[in-house]
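Notes to accompany the following structure.
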Amino acid sequence: MIKEVKALLQDEEVNTGRQWEVDLARAIPILCLPIIHCIIECCTDEMLESGIPYLFDTVIGGPFSAPMYLFAMGVCVDYSRRRTPARIARRGVDLIIISYVLNICRFRIPYLIGYRLSGDREQFIEPLIYRVLGNDVLLFAGIAFLVIALFRKLDLSSAKMLIIAAAASVLGMLTTGIDTGVPILNILLGSFIGTEDETGLLISDFPLLIWLIVPVSGICFGRLLTRIRPEDKGKFYAIVSVPAICIAAVYMCWGIEHTQGMFGEGQNCYYHMMPWDMLECILLDIGMMGIWYFVTERLRPGVMAFFVDVSSKITSFYCVHWVFVRTITNVILYLRNGTQVLPVWKTLLLSVFIILITLVITELWREFRIRVAANRKDNISEEIN
């Protein structure tokens, strides 16, 4: 397989246009997020153990979700116009700021409103500090961009980046489960290592050491992809994606059947997964890239344009959908019914509603930003004249 891939590689970048399969790899997981998160919020632990809830929570919401998005994020690094170390670092800082602003909008504001209306301290106040300061995939992406900017500044080869990321994954495995005894310190360290404590409230969902290997693998894959001629992409994906997804499928079936690895009990089996689980996710990502490529070959231009549009608004979609999910489930449903649990069919309807309203709001937000940018440009032109 290595010899066959090497035969397709060119000496320089020859595939620098838009990669439609990467847009699908970004758009499909983000469109599934409202369904995944509504099911997590509105289903009991027993409901999540089987059927549609299990499918979206553990399978689609597991290896098919964040790993796919983060791998695609890495692929995009060498295809972006903003790929200098300074621009990548700036992107990282922006995402870190956005992640904390999002925590205020999806937790602090609705939770304080919920407390004011109900006086329920246990539901709305006790978990607030963990929610507002806790990390998620957006914060991880921001920190990862800072590390990637450093790698670019040092001009590291793909092999060196992979070695560093693999070593970080092993170190992350060895440090998982640390409890400093200080909640704030646990929360802050949780962005870098897999901290855990007895409160059950700690959010250490995407520790840097454990998850860094996913976007780094995406960068290395992207560098490889730039050297494949567009007319050879079908051959390339047939060579690398078929065995990758076959291995990943076997591992997934075994893990689901035996409740092992990332499919074990408790959410940290996923968020603090072992290096071999990460390898499975990366193989699945490579396999799915091939599937998305062959899907794009058969999609109508209008349908593909929709996915490209969603891919271009991925950060705003992520933020807006989370505000709706948390506000509706944790506050409105809880205050109205005394619980946020819903039947599966109602949960799916709620998910569809959130997907549609999020698409509308993100489009309005983009149009607003375009108008602001145009007005700013006109003002600058008037000042120059």
Side-chain angles (χ1 to χ4, degrees), residues 57-59 61-71 73-74 130 134-148 150-151 156 158-183 185-221 244 247-287:
D57 175 36
T58 304
V59 182
F64 285 94
S65 185
M68 188 75 259
Y69 158 72
L70 293 172
F71 186 85
M73 182 185 86
Y130 295 92
N135 70 331
D136 73 348
V137 70
L138 203 59
L139 179 59
F140 165 79
I143 300 173
F145 269 128
L146 296 181
V147 176
I148 292 168
L150 178 60
F151 287 169
L156 296 183
S158 295
K160 289 180 180 178
M161 287 192 299
L162 276 176
I163 291 171
I164 293 172
S169 182
V170 173
L171 182 59
M173 175 185 67
L174 297 176
T175 55
T176 289
I178 287 179
D179 180 4
T180 66
V182 181
L185 188 56
N186 278 341
I187 295 171
L188 297 178
L189 281 178
S191 295
F192 302 94
I193 62 175
T195 53
E196 299 178 22
D197 65 16
E198 297 179 353
T199 66
L201 298 172
L202 178 62
I203 299 177
S204 174
D205 289 353
F206 292 91
L208 178 69
L209 292 183
I210 294 174
W211 284 81
L212 179 63
I213 194 169
V214 180
V216 167
S217 298
I219 292 173
C220 298
F221 186 82
I247 295 171
V250 170
Y251 184 92
M252 283 180 58
C253 291
W254 177 84
I256 292 171
E257 175 67 23
H258 297 282
T259 320
Q260 295 293 318
M262 75 177 81
F263 302 104
E265 295 182 2
Q267 63 179 7
N268 282 340
C269 288
Y270 173 69
Y271 292 120
H272 300 171
M273 69 175 74
M274 298 293 103
W276 43 90
D277 287 313
M278 278 297 176
L279 177 58
E280 187 277 337
C281 287
I282 293 167
L283 289 174
L284 181 64
D285 295 336
I286 294 172

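Everything quoted here is computed from the prediction, not taken from an experiment.
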Considering only heavy atoms from C-beta outward, does the side chain of [X] approach that of [Y] to under 4.5 Å?
X      : Y      : value
Leu202 : Asp179 : no
Met273 : Met173 : no
Gln267 : His272 : no
Ser217 : Met278 : no
Phe151 : Ile164 : yes
Phe221 : Ile286 : yes
Phe263 : Cys269 : no

Passes side chain to side chain contact (heavy atoms under 4.5 Å, CB included), Met262 versus Cys281? Steps please.
CA-CA 10 Å; Met262 75 177 81; Cys281 287; 3.6 Å; yes
Here the gap from Thr58 atom OG1 to Met252 atom CE, rounded to the nearest 0.5 Å, amounts to 10.5 Å
Give the ring-plane orientation class for Phe140 versus Phe206, where under 30° counts as parallel, over 60° as perpendicular and anything between as tilted.
tilted
Which heavy-atom pair separates [X] from [Y] by the least distance, and what is that distance?
X      : Y      : result
Ala144 : Leu212 : CB-CD1, 4.5 Å
Leu201 : Tyr130 : O-CB, 3.5 Å
Asn186 : Glu196 : ND2-O, 4.5 Å
Met73  : Ala141 : SD-CB, 3.8 Å

Could you walk me through whether Met161 and Ile148 pass the side chain to side chain contact (heavy atoms under 4.5 Å, CB included) check?
CA-CA 9 Å; Met161 287 192 299; Ile148 292 168; over 6 Å; no
Could you pull out all residues at least two apart from Ile178 that satisfy side-chain contact (heavy atoms from CB on, under 4.5 Å)?
Thr175, Thr180, Ile193
Candidate list Leu70, Leu162, Val147, Ile163, test side-chain contact (heavy atoms from CB on, under 4.5 Å), partner Val216, passing option
Leu162
Intermediate values then yes/no, side chain to side chain contact (heavy atoms under 4.5 Å, CB included), Ser191 and Ile143
CA-CA 9 Å; Ser191 295; Ile143 300 173; 4.0 Å; yes
What's the verdict on side chain to side chain contact (heavy atoms under 4.5 Å, CB included) for Ile203 and Ile187, showing C-alpha distance, side-chain angles and the deciding distance?
CA-CA 7 Å; Ile203 299 177; Ile187 295 171; over 6 Å; no
Under 6.0 Å between ring centres, would you say that holds for Trp211 and Tyr270?
yes
Sequence neighbours left out, what passes salt bridge (Lys or Arg N to Asp or Glu O under 4.0 Å) with Asp205? Give chain and number order.
none
